[in-house]
Structures are given as structure tokens and as C-alpha cells.
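Each ligand, and each atom within it, is numbered from 1 in the order the structure gives.
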Amino acid sequence: MTKVITYGTYDLLHYGHIRLLERAKALGDWLIVGVTSDDFDKSRGKINVQQPLMERIEALRQTGIADEIIVEEYEGQKIDDIKRFGVDIFTVGSDWAGKFDYLSDYCKVVYLPRTEGVSSSEVRAEQRKIRIGFIGDYETRILTKYYHECSYVNGIDIAGVCARSDRIRKLLGAPDLYVTKDYSDLLTRCDAVYILSNPLEHYRHAREALEAGVHVLCEAPITLDEAEYRELNRIAKEKNTVLMDSIKTAFSTAYYRLLLLTKSGRIGNIVSVDATCTSIQEIDDLDHAWNSICSWGPTALLPIFQILGTEYDDIRIVSRMAEKNYDQFTKISFDYPHAVASLKVGRGIKSEGELVISGTKGYIYVPSPWWKTDYFEIRYENPEENKRYFYQLDGEGIRYELVDFVKTINTGKHSAYISDDVSEAITGVMKMFYTRKNMKLI
Ligand code: CTP
């Protein structure tokens with residue numbers, strides 16, 4: 001019996017896939033098809049795959065062409081599979097010509113001509129795109145990153161930017177970009193908006209968008225008052241629109257996996273969460289610049305609320321103000337019934353930007369800068385038991401965030417990354433800061 005093996009993602013199964021599978025099958029008597037796992041695709045930068053693994057497998061199974069379906073989970077697995085299954089022929093489409101010649105040490109390698117004119121990428125591109133607009137041109141570094149990351153995401157078209165001047169075109173390297181000073185005008189051209197205006201204006205900007213039926217991705221904090229956040233959430237539900245917190249760290253694979261590990265008890269009961277985020281930047285316009293609590297607070301609050309919950313007993317805020325509402329440094333301590341947490345944030349001071357989660361069996365250590373990490377460690381009393389975890393991180397997590405935003409809009413299902421109670425609790429802390437409640441100035 002001649003065994004043939006082939007691999008692919010098989011997203012949105014199309015005619016090109018079927019033709020390849022039929023010809024692969026005709027090369028022998030038994031066809032094994034390896035379907036890439038969601039994680040494996042993500043690790044090789046294929047982030048736009050629309051169907052989850054089980055859906056892709058089911059569509060493939062229904063064709064009846066494969067005799068056996070396996071999952072491809074890691075680099076180098078093809079060699080293992082060929083040996084394990086006693087494969088005689090490895091085949092893929094000619095778009096991979098030459099790439100798998102190294103497998104000829106183990107079996108025959110055949111590249112089949114690729115079917116012209118169809119691919120999963122093209123099928124995805126044909127779907128209706130979400131037109132996204134941007135507002136807020138003081139934090140230009142962040143704006144530039146989000147703008148450029150959109151180009152990696154299927155299903156998004158940039159509709160324009162609401163900015164103070166046309167200079168934004170030069171900054172973004174986009175001479176034809178639609179630029180307007182009129183936010184309402186921008187909204188008429190958009191299905192969705194990314195809000196990066198000053199946090200004092202978020203409520204107004206988000207509200208106007210949601211009322212116009214425009215989906216909102218808002219750089220956290222969404223508002224500076226939890227009542228306002230609840231109001232926006234109510235409008236979003238009423239209008240059937242998405243209101244999503246933008247905290248890129250939440251979407252990084254390493255951070256998300258770390259959360260799952262803490263929930264599954266790998267370091268025992270959690271006793272303390274300590275997060276530090278700082279940066280030193282030249283700030284020339286203190287009136288419009290984001291202060292430390294708004295720039296870094298939501299990111300540092302994220303692991304605290306996602307691991308220990310939002311029902312803390314006590315909170316103390318200590319801030320050092322540079323001017324007006326601009327805190328150069330803020331430290332917040334939380335008491336929970338059985339745990340504590342602390343955060344230090346600063347825009348204008350520097351410290352070690354690490355995250356430490358302490359438990360009764362061990363601790364998780366995420367080195368600086370933990371908010372954009374692809375790596376963390378679990379450490380135990382006995383160092384031999386320590387474990388290191390590495391994950392792919394593309395575009396600091398922004399790319400995954402945008403993919404998730406599109407998915408949330410298209411499916412109507414709430415995103416799994418940041419729950420409403422966490423977003424609301426973040427706005428609650430902001431309110432305390434701005435009303436100086438539980439707060440000491442130094
Ligand atoms: N294939 C083919 N003809 C096409 C598309 C795909 O022969 N028009 C083959 C590929 O060469 C590969 C298999 O089908 O052997 C699975 O390909 P996959 O990467 O899943 O499909 P694509 O349509 O190429 O996906 P994408 O656009 O996301 O890269």
C-alpha cells in the first residue's frame with residue numbers, strides 16, 4: 001500500500017484545496033491530511049485564519065477524500081509523521097516548490113501544480129471589509145503603530161483620520177489618506193473607529209460613535225468614570241455595536257497563556273500580583289499628553305483584575321504630580337480577602353518593568369517589558385522544576401487585537417480577552433484618581 005501525506009490550513013475550504021487533495025490521493029492508496037492547529041498557524045504568523053481547527057477538520061472530513069486526518073502542531077513534525085506512519089510520498093502545492101526538499105531523505109517529495117485564481121486569502125479578502133477611522137493625534141507613536149498594523153489584518157480598510165492638521169498624512173506615510181477635523185464627518189465614512197483622543201474626551205467620542213451605529217475600539221481607559229462606562233455599554237448593546245477596550249497586552253499569547261496557567265493552579269493559590277510599567281519620554285504638551293495613570297494604569301491593572309478579580313476590599317493610591325492632573329508616578333495597593341496586589345506606573349520615571357505573580361507553590365516571573373513579552377517563567381523552590389515558556393508575538397499584540405476586534409464585529413460574540421467587569425473596574429480606579437479618593441499626593 002502506498003501512503004501519501006499532505007498538509008495545509010484548509011481555511012474556508014475551496015476548489016483549489018479539493019483539486020489538490022484529489023490529485024494527492026491519486027498518487028497512492030491511502031491519504032493522510034495534516035491540518036495545522038490554531039496555535040501552529042499563529043506561531044508562523046498566519047493570524048487571519050477564520051475557522052477554528054475543528055471546523056476546518058470537519059469541512060475536510062465531509063469531502064470524503066482523506067483516509068486519515070491528523071493535526072500539525074509543531075515545526076519539524078512532518079519528519080516525525082513520515083516515519084511514524086511509514087509514508088511513501090509527501091506532497092503539497094507548487095507554491096511550496098523547493099521548500100520541502102529536505103524531506104526526500106525520508107520519502108518521495110512531489111510538488112503538484114497549484115490551482116490558479118483561488119486561495120483562502122483571496123476568499124477572505126472578498127468578504128466585506130470593515131472601514132475603520134482613527135481619532136486622536138497627540139499620541140502619534142501609538143497612532144502610527146495601529147495604523148500600520150491594520151495592513152496585516154484581513155477585513156479592515158482604513159477610512160480616514162480625524163486630526164488637527166494634514167501633517168498626519170506625512171507622519172503616517174499616507175499621502176492619499178482622508179483627513180478631517182470634523183469627527184462627525186469621519187463617523188459617516190466608518191463602520192468602526194479606533195479612539196486615541198485624550199481620555200477626558202473618550203466618553204464623548206465613544207458615545208457619538210455608538211449612537212451613530214459605529215463600532216468602537218477605545219484605547220483604555222474607555223472612560224474616567226464607571227457610570228459613564230456603564231452608560232456606553234448600554235448604548236452599545238442597544239445599538240448592537242461593539243465597544244471594546246484596547247489594551248494590547250491582553251491579546252499577547254504569552255500573557256493570555258500565563259493567565260490560563262494561574263487559573264489552573266500551577267503556582268497554587270495566588271497571594272500577590274505586582275506589576276510595574278514605566279517609560280521616560282519627552283512630553284512637551286502636558287495639557288494634552290496622556291498622564292501616567294491613563295497611559296499605563298489599564299495595562300498594569302489588567303493582570304490584577306484578571307487574576308484576583310475586581311472585588312477588592314481596599315485601595316490606596318499615592319501619586320507624585322508633575323503638574324495639574326499629570327502624575328509623573330503613581331503607586332496603587334489593593335487588599336483582597338486572601339491576597340494583595342500593587343502596581344507602579346510612571347511616565348517620567350524609570351523602574352524595572354516586570355510582572356510577578358506569587359502563589360503558594362511557586363511564582364510566575366515576566367521580565368521587562370512584561371507588557372509586550374513573548375516569554376515568561378514559572379519558578380519553584382526547587383530550580384530544577386522551573387519552566388520557561390516562549391510564544392510568538394507579532395506587532396506587540398496590536399495585530400491580534402485588531403483581528404479580534406474584526407472577529408467580534410463579524411460574529412457578534414463578546415471577545416474572550418477583556419470582560420466588561422474588568423473594563424468597568426479600570427474606569428472605577430480612574431474615577432478615584434481624578435476625584436482624589438483614597439489618594440495621597442507626594
Ligand atoms: N493549494 C492549491 N491551490 C490553491 C490553493 C491551495 O493547490 N489555489 C494547495 C496548497 O499548495 C497546499 C494546500 O492546498 O498544498 C493547502 O493550502 P492552504 O495554505 O491551506 O491554502 P491557501 O488557499 O494557499 O491559503 P492562504 O491563502 O491562507 O495561504
Side-chain angles (χ1 to χ4, degrees), residues 2-28 30-79 81-82 85 87-104 106-129 150-156 392 394-395 399-400 402-404 406-407 410:
T2 305
K3 280 192 173 182
V4 182
I5 198 161
T6 189
Y7 294 85
T9 306
Y10 303 104
D11 188 30
L12 310 170
L13 198 74
H14 56 68
Y15 170 66
H17 293 142
I18 308 276
R19 279 205 60 214
L20 181 111
L21 292 167
E22 283 169 349
R23 284 174 294 152
K25 173 108 178 192
L27 291 173
W30 185 260
L31 177 65
I32 305 170
V33 181
V35 183
T36 49
S37 71
D38 299 330
D39 253 18
F40 185 50
D41 270 330
K42 214 169 173 188
S43 73
R44 56 192 193 128
K46 208 164 176 177
I47 58 163
N48 289 300
V49 176
Q50 283 195 0
Q51 293 181 293
L53 174 66
M54 290 314 288
E55 264 180 40
R56 290 182 280 124
I57 289 181
E58 183 51 24
L60 182 65
R61 196 189 60 75
Q62 283 185 14
T63 66
I65 306 172
D67 296 296
E68 200 170 339
I69 299 175
I70 59 167
V71 177
E72 186 183 21
E73 292 174 281
Y74 58 91
E75 219 165 317
Q77 185 183 324
K78 292 184 178 77
I79 297 176
D81 290 343
I82 290 167
F85 293 109
V87 167
D88 303 288
I89 302 173
F90 167 88
T91 186
V92 275
S94 52
D95 43 325
W96 295 98
K99 297 255 171 50
F100 294 109
D101 289 356
Y102 69 92
L103 293 176
S104 56
Y106 308 92
C107 68
K108 191 174 165 192
V109 175
V110 176
Y111 299 104
L112 292 167
R114 186 181 163 92
T115 307
E116 291 302 316
V118 61
S119 71
S120 302
S121 307
E122 283 166 72
V123 177
R124 288 191 292 260
E126 276 160 22
Q127 293 168 345
R128 193 179 165 274
K129 292 199 175 190
C150 281
S151 62
Y152 294 96
V153 179
N154 280 170
I156 282 192
Q392 178 76 18
D394 296 306
R399 207 170 296 177
Y400 308 145
L402 291 167
V403 169
D404 192 62
V406 172
K407 201 164 156 192
N410 287 338

In a table with atom names and distances, give each donor-acceptor pair under 3.5 Å that connects a side chain of residues 68-76 to protein atoms at least two apart or in another chain.
from  : atom 1 : to    : atom 2 : distance (Å)
Glu68 : OE1    : Trp30 : NE1    : 2.8
Glu72 : OE2    : Lys78 : NZ     : 2.7
Tyr74 : OH     : Asp80 : OD2    : 2.5

Looking only at the side chains, is there a donor atom on one of [X] and [Y] sitting less than 3.5 Å from an acceptor on the other?
| X | Y | answer |
| --- | --- | --- |
| Thr9 | Arg44 | yes |
| Asp41 | Thr36 | yes |
| Asn48 | Gln50 | no |

Between [X] and [Y], does at least one N-O distance fall below 4.0 Å, as a salt bridge requires?
| X | Y | result |
| --- | --- | --- |
| Arg61 | Glu58 | yes |
| Lys46 | Asp38 | no |
| Arg114 | Asp95 | yes |
| Arg124 | Asp11 | yes |

At what distance is the nearest protein heavy atom to [atom], and which residue and atom is it?
| atom | answer |
| --- | --- |
| atom 15 (O) of ligand 1 | Gly93 N, 3.0 Å |
| atom 23 (O) of ligand 1 | Ser120 N, 2.7 Å |
| atom 8 (N) of ligand 1 | Val118 O, 2.5 Å |

Would Thr115 count as a polar contact of ligand 1, with the cut-off being nitrogen or oxygen pairs under 3.5 Å?
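Min N/O separation from ligand 1 is below 3.5 Å for Thr115.
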Hey, is ligand 1 close enough to Tyr10 that some N/O pair sits below 3.5 Å?
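Between Tyr10 and ligand 1, an N or O pair is found under 3.5 Å apart.
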Below a 4.0 angstrom heavy-atom separation, can you tell me which part of [X], side chain or backbone, both or neither, approaches ligand 1?
| X | result |
| --- | --- |
| Leu20 | side chain |
| Arg124 | side chain |
| His14 | side chain |
| Asp95 | side chain |

Sub-4.0 Å atoms of ligand 1 with respect to non-hydrogen atoms of [X]:
| X | answer |
| --- | --- |
| Val92 | 15 (O) |
| Thr9 | 20 (O) |
| Ser119 | 23 (O), 27 (O) |

Identity of the nearest option to atom 27 (O) of ligand 1, non-hydrogen atoms only, from Ser121, Gly34, Gly16
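Residue with the shortest heavy-atom distance to the ligand atom: Ser121.
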For atom 2 (C) of ligand 1, which of the options Arg114, Glu116, Lys46, His17 provides the nearest non-hydrogen atom?
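When every heavy atom of Arg114, Glu116, Lys46, His17 is considered, Arg114 comes closest to atom 2 (C) of ligand 1.
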Can Arg56 be said to sit on top of Tyr10's aromatic six-ring, NZ or CZ under 6.0 Å from centre and within 45° of the ring axis?
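No.
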